[in-house]
Q: 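I have a structure I would like to understand better, so I am pasting it below and will then ask my questions one at a time.
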There are 2 protein chains.
Amino acid sequence: MQAQKKKTIRYHHGDLQNALIAATLDLITEQGNEAFTIREVARRAGVSHTAPYRHFTDKAALLAVVARQGFDMLVEHLLTRIANFPDDPLMRFKYSGIAYIEFAVDHPAHYRVMFGPDKSGSRENAAVRKSADTAFQILLDCIEACQAGGLIRPGNSMEMALSAWSMVHGFSMLLIDRFVRETPTPGQDLADMMSLVTDSLYFGLKTEKTD
Amino acid sequence: MQAQKKKTIRYHHGDLQNALIAATLDLITEQGNEAFTIREVARRAGVSHTAPYRHFTDKAALLAVVARQGFDMLVEHLLTRIANFPDDPLMRFKYSGIAYIEFAVDHPAHYRVMFGPDKSGSRENAAVRKSADTAFQILLDCIEACQAGGLIRPGNSMEMALSAWSMVHGFSMLLIDRFVRETPTPGQDLADMMSLVTDSLYFGLKTEKTD
DNA sequence: ACCTGAACACCGTTCAAGT
DNA sequence: ACCTGAACACCGTTCAAGT
């Protein structure tokens with residue numbers, strides 16, 4: 001808990017804290033969420049299996065740091081992607097969804113830790129929730145900007161944001177967990193698929209006059 | 001593998017196979033997916049920790065049986081729920097989504113095994129995939145019936161089904177994993193929320209003339 | 001045919017001890 | 001201040017042995 005606040009922690013090989021985080025991501029990327037063990041991560045970082053406990057109170061604390069890092073990366077990716085459309089709220093809404101799926105597909109290890117089964121309480125971790133809320137707020141802002149411009153139906157923006165989140169989260173999980181393997185139509189690529197899926201919702205929320 | 005084919009397997013206390021499945025569901029319901037261990041399940045069934053290996057080749061095989069059972073239950077629930085609207089394809093489409101979320105919320109332990117991280121290969125298990133495909137086919141049929149009646153936009157029904165599945169799956173996961181805890185508007189209940197979320201998509205796919 | 005106990009190679013976590 | 005080794009209570013899985 002407290003250890004994470006310190007900027008740099010040195011050990012005889014350098015920065016163990018970050019070495020452990022990097023090893024965690026490598027391990028999850030290579031072998032999935034289940035393969036992550038403190039002992040294997042320590043092995044990869046070249047330290048004894050008890051050394052990680054100097055930096056993280058337990059396994060859950062290490063995962064919580066990875067989850068928060070993931071949400072921060074997601075926020076950054078979303079902001080970068082929607083910055084391309086400063087004058088078009090509807091495009092910002094659409095691309096926030098596409099950017100979300102892009103993030104999940106590009107960083108499946110992070111995504112699995114962020115949304116995977118909550119081993120013990122990163123869902124309760126204040127820092128993690130704060131980063132997650134920031135990401136959700138971006139989506140909400142996009143929707144409300146559209147409503148202000150008459151581009152999306154009036155109505156409860158929270159409900160709409162929840163619908164949008166459900167869709168991109170569900171699609172991301174189906175992709176990552178290999179439930180969806182192929183594009184519905186031959187010749188499509190992943191980018192086409194992301195547009196198709198997000199468009200289904202986008203048509204559902206926008207007003208008729210924007211057709 | 002072969003053991004599962006036999007209808008009834010007796011041991012000194014009765015039907016160990018089903019006792020193990022029941023204990024698995026109890027355990028996952030009580031303490032989450034991580035708490036499931038062969039040894040604990042055996043303990044609850046009152047047998048030695050090696051006895052389960054007489055009935056399931058390994059941990060993954062037990063989970064695969066639970067997953068297939070879950071998909072079969074899902075299919076049954078979907079069919080029951082849409083049977084209420086024999087003459088209204090649009091209502092069948094809408095209620096297939098609601099019924100899906102109902103199933104996930106009512107059977108979170110099954111749902112987590114069905115869609116949770118694939119410990120090792122229930123995703124590849126032919127019987128599991130077959131049951132899952134049957135469920136997906138129900139959704140596809142609903143959409144195609146709507147299209148035949150001019151109630152949903154023409155277009156690739158696979159893509160639409162994928163969008164719909166993404167949304168209900170995402171919403172289910174967010175609910176089960178406690179990312180979504182409260183209704184967006186005070187006074188709403190879960191049924192309201194399910195309608196709101198599925199309606200967002202439903203409006204996106206239907207034709208204008210059905211308004 | 002079905003079940004058990006010992007055994008093996010793993011875990012997470014704690015703690016006294018080393019530098 | 002940071003790291004280690006031994007120790008404890010767990011896992012999944014195998015296998016020879018019991019009834």
Side-chain angles (χ1 to χ4, degrees), chain A residues 1-21 23-24 27-28 30-66 113 116-122, chain B residues 1-21 23-24 27-28 30-66 113 116-122:
Chain A
M1 278 301 200
Q2 317 88 294
Q4 290 146 226
K5 284 185 198 153
K6 304 186 184 171
K7 296 296 187 316
T8 54
I9 290 173
R10 318 215 126 268
Y11 78 122
H12 62 287
H13 291 140
D15 184 346
L16 181 55
Q17 163 131 273
N18 285 319
L20 292 170
I21 292 172
T24 298
L27 189 52
I28 294 175
E30 286 166 30
Q31 317 199 24
N33 236 329
E34 325 303 318
F36 164 70
T37 65
I38 289 275
R39 288 170 104 113
E40 177 59 24
V41 159
R43 230 171 269 134
R44 287 176 178 227
V47 292
S48 80
H49 64 274
T50 57
Y53 289 90
R54 290 289 117 205
H55 301 274
F56 304 97
T57 56
D58 57 16
K59 210 179 159 182
L62 207 177
L63 290 178
V65 171
V66 172
V113 174
D118 194 12
K119 314 265 175 196
S120 57
S122 80
Chain B
M1 278 303 199
Q2 317 85 296
Q4 290 145 226
K5 284 184 200 154
K6 304 188 184 171
K7 296 296 186 320
T8 54
I9 291 173
R10 320 212 125 269
Y11 77 123
H12 61 289
H13 291 139
D15 184 347
L16 181 54
Q17 164 132 269
N18 285 320
L20 292 169
I21 292 172
T24 298
L27 188 52
I28 294 176
E30 287 167 28
Q31 318 199 23
N33 235 329
E34 326 302 319
F36 163 70
T37 65
I38 289 274
R39 288 170 104 111
E40 177 59 23
V41 159
R43 231 171 269 134
R44 288 176 176 227
V47 292
S48 79
H49 64 274
T50 56
Y53 290 90
R54 289 289 118 205
H55 301 275
F56 304 97
T57 56
D58 57 16
K59 210 180 160 181
L62 207 176
L63 289 178
V65 171
V66 173
V113 174
D118 192 13
K119 314 267 177 194
S120 56
S122 80

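Here is how names work: the chains are called A, B, and so on, in the same order as the sequence lines, proteins then strands, and each is numbered from 1.
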Q: How far apart are the closest heavy atoms of Y53(A) and D58(A), and which atoms are they?
A: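 In this case the closest contact between Y53(A) and D58(A) is CE2-CA, 4.1 Å.
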
Q: Looking only at non-hydrogen atoms, find the nearest pair between H49(B) and I38(B) and report the distance.
A: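 The answer is O-CG2, 3.9 Å.
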
Q: Give, for atom CG of L16(B) and atom CZ of F56(B), the distance between the pair rounded to the nearest 0.5 Å.
A: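 Interatomic distance, L16(B) CG to F56(B) CZ, rounded to 0.5 Å: 8.0 Å.
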
Q: Rounded to the nearest angstrom, tell me the gap between atom NE2 in H49(B) and atom C1' in dG12(D).
A: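 Taking atom C1' of dG12(D) as the reference, NE2 of H49(B) is at 9 Å.
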
Q: Would you kindly give the OH-to-C1' distance between Y53(B) and dA7(C), to the nearest whole Å?
A: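 After rounding, the gap between these two atoms is 14 Å.
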
Q: Select base, sugar-phosphate, or nothing to describe what T37(A) touches, counting heavy atoms under 4.0 Å on all strands.
A: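 T37(A): backbone/sugar contact only, no base atoms under 4.0 Å.
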
Q: Closer than 4.0 Å, any side-chain N/O of R43(B) to the OP1 or OP2 of dC11(D)?
A: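 Yes.
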
Q: In whole Å, what is the span from the CD atom of Q31(B) to the P atom of dC11(D)?
A: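 It works out to 11 Å between those atoms.
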
Q: Does S48(B) or T50(A) map to a spot on DNA chain C nearer the 5' end, using the closest nucleotide for each?
A: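 By nearest-heavy-atom nucleotide position, the 5'-most residue is S48(B).
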
Q: For DNA chain D, whose closest nucleotide is more 5', that of R39(B) or that of A51(A)?
A: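 Mapping each residue to its closest nucleotide by heavy atoms, the 5'-most match is A51(A).
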
Q: About how many Å separate OG1 of T37(A) and CG of L27(A), when rounded to the nearest 0.5 Å?
A: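 The distance works out to 6.5 Å.
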
Q: Any chance you could measure S48(A), atom OG, to R39(A), atom CZ, to the nearest 0.5 Å?
A: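 Answer rounded to 0.5 Å: 9.5 Å.
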
Q: For H55(B) versus Q17(B), what's the shortest heavy-atom pair and its separation?
A: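 Taking H55(B) first and Q17(B) second, the nearest heavy atoms are O-OE1, 4.0 Å.
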
Q: Between R54(B) (CZ) and dT19(D) (C1'), how many Å, whole number?
A: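 That distance rounds to 14 Å.
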
Q: What is the distance, rounded to the nearest whole Å, between atom CD1 of I38(A) and atom C1' of dC10(C)?
A: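 After rounding, the gap between these two atoms is 15 Å.
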
Q: Nearest whole Å is fine: how far is dT14(C) C1' from D58(A) CG?
A: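 From D58(A) CG to dT14(C) C1': 13 Å.
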
Q: What integer distance in Å separates L20(A):CG from dC2(D):P?
A: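 These atoms are roughly 13 Å apart.
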
Q: Rounded to whole Å, please give me the gap between CD in E34(B) and P in dC11(C).
A: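 The distance from CD of E34(B) to P of dC11(C) comes to 17 Å, rounded to the nearest Å.
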
Q: Could you check which of dT13(C), dT4(C), dG12(D) has an atom nearest any side-chain atom of K59(B)?
A: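 Of the options given, the side chain of K59(B) lies nearest dG12(D).
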
Q: Can you give the dot-bracket line for DNA chain C, where a pair is Watson-Crick or G-U wobble with both atom distances under 3.5 Å, crossing pairs use [ ], and | marks a partner on another strand?
A: ||.|||||...|||||.||

Q: How long is the gap from CG on L63(A) to OG1 on T24(A), to the nearest 0.5 Å?
A: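 Here the rounded value is 7.0 Å.
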
